[in-house]
Amino acid sequence: MNSSSNSHQPKKKYERNVENLTAHLEFNLIRHNIQLMKKKLNFGPEEPDSDPDLFRSRILQSRGEEGHMDDQLYYKGEHDKGVLAKGDEVKKILDKFYKRKEIQKLGADYGLDGKANKISIRDILLLLRLHFCHYHVGHCVAWTISVLAQIITNQLYFNELAHVDDLFPFFLRHAKQIFPVLDCKDDLRKISDLRIPPNWYPEARAMQRKIIFHSGPTNSGKTYHAIQKYLSAKSGVYCGPLKLLAHEIFEKSNAAGVPCDLVTGEERVTVESDGKQAAHVACTVEMCSVTTPYEVAVIDEIQMIKDPARGWAWTRALLGLCAEEIHLCGESAAIDLVTELMYTTGEDVEVRNYKRLTPISVLDHALESLDNLRPGDCIVCFSKNDIYSVSRQIEIRGLESAVIYGSLPPGTKLAQAKKFNDPDDPCKILVATDAIGMGLNFINEKGEREIEPITTSQALQIAGRAGRFSSKFKEGEVTTMNREDLSLLREILNRPVDPIKAAGLHPTAEQIEMFAYHLPDTTLSNLIDIFVDFSQVDGQYFVCNMDDFKFSAELIQHIPLSLRVRYVFCTAPINKKQPFVCSSLLQFARQYSRNEPLTFSWLRRYIKWPLLPPKNIKDLMDLEAVHDVLDLYLWLSYRFIDMFPDASLVRDLQKQLDDVIQDGVHNITKLIKISETYKLLNLESLSESQSRLSGTSKSQARRNRSKVLGSKAAEPLAPDAGEKSLASRLVQQGLLTADMLKQLEKEWMTQQTEHGKERTESGTYAKGTRRKKKEPDSD
């Protein structure tokens with residue numbers, strides 16, 4: 001103990017010396033330097049010297065009259081001789097100051113070690129040198145710099161008057177003016193302390209919960225057993241990773257005679273006639289209530305607690321749900337982490353292991369060709385482009401396929417899945433992205449296939465969809481498209497799944513508001529960065545990636561909104577790769593800031609409703625983006641009811657749009673063919689002109705919308721059809737495809753060649769007969 005206290009004693013003594021020096025220099029050097037600066041800048045005796053604008057203007061005037069002060073510091077000594085300290089000399093003094101161990105220790109004490117908040121003495125010195133050079137700063141900083149200039153100049157020319165260590169108190173003041181974080185770092189560390197998350201949920205800590213972990217692979221019955229417990233309880237909540245899964249439990253519950261509500265980010269459905277909440281609710285995991293008491297709670301896909309973006313939602317549900325029994329469903333890789341987390345809450349975990357109900361095997365041969373497809377097969381792709389390409393090739397082979405990918409509306413996904421599962425439907429092939437696994441996203445920023453192989457967990461999720469206990473395909477088979485990938489697939493599936501090490505956390509709106517109180521001039525995006533830098537977490541947790549949040553924060557930063565409203569807008573789930581969706585978030589925020597309600601009629605005008613059925617893939621993607629915009633409106637309508645008042649009307653509109661998209665997906669191979677033809681004929685500009693809203697009248701748009709997609713009947717020509725080529729008009733009507741065009745071109749060239757030969761032979765024969773007429777005596 002004594003050695004420890006002795007080691008701190010010199011530092012405290014040094015700090016007292018610094019404080020005394022500060023007080024002395026504050027009174028003498030600053031007063032003296034102000035007078036010198038006033039004289040230098042031609043201040044009158046009665047002119048105020050505390051006006052920063054006046055001070056700055058005089059500096060600028062002095063630059064024009066006496067040359068730039070960019071790389072020099074001015075000082076006048078007792079003998080009234082001007083002394084100039086050049087920039088290189090200043091750099092030497094500051095470097096000497098920076099390298100002193102005493103200064104580095106003091107800097108660490110004040111949070112300038114570059115660790116906690118990524119601010120170091122060296123960073124501030126770089127800014128300080130810039131300020132020395134330019135002087136365009138407020139008066140407080142200007143006075144501090146003038147004192148620093150005094151000390152540096154004394155150090156250069158009058159070593160007996162000052163020591164380089166004397167810079168520190170003024171350096172610290174300057175650092176705090178540049179980085180306000182330094183003045184309140186202790187408070188910020190307390191606010192961002194995330195080391196004991198269980199304490200955030202006092203209602204859950206007040207009860208003794210029973211935790212049951214249902215562990216097993218896909219198609220093992222683990223979720224089934226948990227749902228049975230949920231249905232038999234007096235009250236319950238199901239927390240799923242996807243809207244589709246919440247919808248599925250919602251429908252199953254009500255079909256089983258158990259009244260159940262639905263709650264997702266964009267939708268609220270109550271089944272009771274009087275509008276009261278039912279005892280059971282199916283929701284997406286982000287939307288679960290941590291204050292409502294339940295008898296049974298089910299948290300599906302608990303391994304998602306490690307997700308870098310959404311893991312916080314599973315952590316919140318696990319630690320905060322107020323339920324007597326909590327049933328967790330997921331991979332065995334999460335058992336150890338869940339057990340450790342529950343140990344901190346004083347709750348035991350009961351593990352129930354399940355085995356797969358139907359066998360699954362890796363075939364000893366690859367598919368290699370789509371000619372080898374069989375009824376009931378599913379082709380899993382990892383980009384939209386692959387989806388389009390594979391669907392087109394399957395259609396060429398005379399087969400019909402269903403299509404499922406992530407950006408499709410839920411209704412369209414369900415319709416396509418129903419089509420594939422219907423034994424009476426001719427559709428026997430499914431083409432899907434990894435959305436069929438569990439909604440994981442393996443597609444990179446450009447929508448291209450990732451070069452890195454998928455993880456064991458991802459492979460098991462996808463491969464596990466092969467074979468189903470309740471279907472006629474009870475034995476699942478898995479293979480690859482290419483022969484060389486087959487050994488890699490076997491290796492991946494045989495690897496043990498890596499245990500999950502940590503659970504995700506996320507700052508709350510309240511924590512960000514407290515940060516903003518201490519840093520009122522900081523943008524929301526920077527507040528998030530500072531929060532993450534200051535946050536402290538235990539080894540069992542990590543702070544989730546907040547890039548999407550920051551993207552939205554920067555997008556709407558220039559719009560005047562309160563911090564709480566801005567935070568809510570930034571948590572809205574949007575696809576930042578969709579320009580129309582991003583611009584819609586911006587437009588919605590702008591309307592909100594003007595206090596102008598976003599009505600149904602305004603929204604119809606904004607999206608240019610009514611919309612035409614898609615004529616090519618680009619049109620289909622545009623319709624999907626509009627559907628996402630309507631989702632965004634609905635999401636915001638449940639947070640700002642007064643400003644987004646027409647949720648029910650918008651939902652009806654979205655259902656109509658879903659039907660249009662379903663028709664487009666049903667005819668996706670036709671859209672692909674038309675898109676190929678557009679590309680072949682270089683008609684992209686024509687496609688853009690025929691985008692979401694046609695240039696024809698509303699009555700014409702309604703007539704076009706009422707037509708069945710895929711019909712072979714010719715559509716009436718557009719008013720300007722006479723100005724377009726026949727090929728363009730046929731492409732518009734969907735009557736000409738790339739294959740048909742190639743075939744026509746081939747036939748035309750063959751026909752032209754044959755006609756040319758005939759004309760040549762005919763011309764020769766004619767000439768011969770004419771010559772014969774001229775020579776009647778010849779044989």
Side-chain angles (χ1 to χ4, degrees), residues 243 263-268 284 286-287 309-310 406-411 506-509 512-513 516 523-528 546-611 621-658 660-661 691-693:
K243 289 185 284 187
V263 177
T264 69
E266 301 81 14
E267 191 173 8
R268 309 283 192 279
T284 47
E286 286 88 350
M287 299 305 298
R310 297 178 64 202
S407 60
L408 284 177
H506 189 284
T508 64
I512 298 302
E513 280 184 334
T523 66
L524 181 55
S525 178
N526 287 340
L527 282 175
I528 294 297
M546 300 191 67
D547 287 348
D548 289 346
F549 184 99
K550 288 170 57 182
F551 173 85
S552 296
E554 291 165 2
L555 184 68
I556 64 173
Q557 179 56 44
H558 63 286
I559 298 177
L561 298 168
S562 69
L563 181 67
R564 178 59 69 104
V565 170
R566 189 181 302 278
Y567 182 94
V568 173
F569 267 91
C570 293
T571 55
I574 65 168
N575 182 355
K576 63 183 181 182
K577 301 171 192 173
Q578 283 278 12
F580 184 57
V581 178
C582 296
S583 64
S584 298
L585 178 70
L586 187 63
Q587 185 63 36
F588 290 179
R590 186 176 288 115
Q591 288 284 111
Y592 186 101
S593 70
R594 296 170 181 163
N595 201 29
E596 299 175 0
L598 290 87
T599 61
F600 179 64
S601 58
W602 179 92
L603 186 64
R604 280 172 59 96
R605 291 193 302 273
Y606 177 73
I607 64 173
K608 297 183 171 67
W609 189 267
L611 305 176
M621 294 173 66
D622 287 344
L623 292 178
E624 292 169 6
V626 174
H627 193 281
D628 287 347
V629 169
L630 299 183
D631 260 349
L632 176 61
Y633 181 99
L634 293 170
W635 191 93
L636 291 167
S637 72
Y638 291 108
R639 280 82 180 168
F640 307 112
I641 299 175
D642 294 339
M643 297 300 293
F644 297 83
D646 296 326
S648 59
L649 294 173
V650 172
R651 185 162 302 284
D652 292 339
L653 189 71
Q654 192 179 47
K655 289 177 181 176
Q656 296 179 45
L657 178 58
D658 201 339
V660 176
I661 294 175
S691 59
R692 292 193 303 270
L693 182 61

Query raised in the report: So Gln591 and Trp602, side-chain contact (heavy atoms from CB on, under 4.5 Å) or not? Walk me through it.
Result: CA-CA 11 Å; Gln591 288 284 111; Trp602 179 92; 3.6 Å; yes

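- Side-chain contact between Leu630 and Leu657 is present, with at least one heavy-atom pair separated by less than 4.5 Å.
- For the atom pair Phe600 CZ and Trp609 CH2, the distance stands at 8.5 Å (nearest 0.5 Å).
- At least one side-chain heavy atom of Phe580 sits less than 4.5 Å from a side-chain heavy atom of Val629.
- Annotation for Asp628 and Val581: closest pair CB-CG2, 3.8 Å, computed over non-hydrogen atoms.
- Residues that satisfy the side chain to side chain donor-acceptor pair (under 3.5 Å) test with Asn526, not counting sequence neighbours, are Thr523.
- Remark: Leu585 CG to Asn575 CG distance equals 12.5 Å, nearest 0.5 Å.
- Using a 30° and 60° split on the angle between ring planes, Phe644 and Tyr592 fall in the parallel class, below 30°.
- The heavy-atom pair separating Glu266 from Trp635 by the smallest distance is OE2-CD1, 3.7 Å.
- Distance check, rounded to the nearest 0.5 Å: SG of Cys570 to CG of Leu563 gives 9.0 Å.
- Distance check, rounded to the nearest 0.5 Å: OG of Ser552 to CG of Leu586 gives 10.5 Å.
- The distance from atom CG of Leu649 to atom CG of Leu603, rounded to the nearest 0.5 Å, is 10.5 Å.
- Across all their heavy atoms, Gln578 and Ala625 have their closest contact at OE1-CB, 3.5 Å.
- Across every non-hydrogen atom of Leu634 and Ala647, the tightest pair is CD2-O, 3.4 Å.
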Report task. Determine, step by step, whether Ile559 and Phe569 satisfy the side-chain contact (heavy atoms from CB on, under 4.5 Å) criterion, reporting the C-alpha distance in whole Å, the side-chain angles of both residues, the deciding distance to 0.1 Å, and the verdict. Result -> CA-CA 11 Å; Ile559 298 177; Phe569 267 91; over 6 Å; no

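- Contact detail for Thr264 and Met287: the closest heavy-atom pair is C-CG, 3.7 Å.
- Distance check: Ile512 CD1 to Phe549 CZ gives 6.5 Å after rounding to the nearest 0.5 Å.
- Nearest heavy atoms, Arg639 versus Gly265: NH1-O, 2.8 Å.
- Ser583 pairs by the side chain to side chain donor-acceptor pair (under 3.5 Å) definition with nothing, not counting sequence neighbours.
- A salt bridge links Asp631 with Lys243: at least one charged nitrogen is closer than 4.0 Å to a carboxylate oxygen.
- For the pair Tyr606/Leu598, no side-chain contact is recorded, criterion being any heavy-atom separation below 4.5 Å from C-beta on.
- Judged by distance alone, with hydrogens and angles left aside, the side-chain atoms of Arg566 form a donor-acceptor pair with the main-chain N or O of Ile556 at under 3.5 Å.
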Requested in this report: Evaluate the side-chain contact (heavy atoms from CB on, under 4.5 Å) criterion for residues Thr599 and Arg604: first the C-alpha distance (whole Å), next the side-chain angles of each, then the deciding distance (0.1 Å), finally the verdict.
Outcome: CA-CA 9 Å; Thr599 61; Arg604 280 172 59 96; over 6 Å; no

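- Considering only heavy atoms from C-beta on, Ser525 stays 4.5 Å or farther from Met546 through its side chain.
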Query raised in the report: Given Glu596 and Arg590, is the side-chain contact (heavy atoms from CB on, under 4.5 Å) satisfied, shown in steps?
Result: CA-CA 9 Å; Glu596 299 175 0; Arg590 186 176 288 115; over 6 Å; no

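- In this model, no donor atom of one side chain and acceptor atom of the other lie less than 3.5 Å apart for Ser584 and Tyr633.
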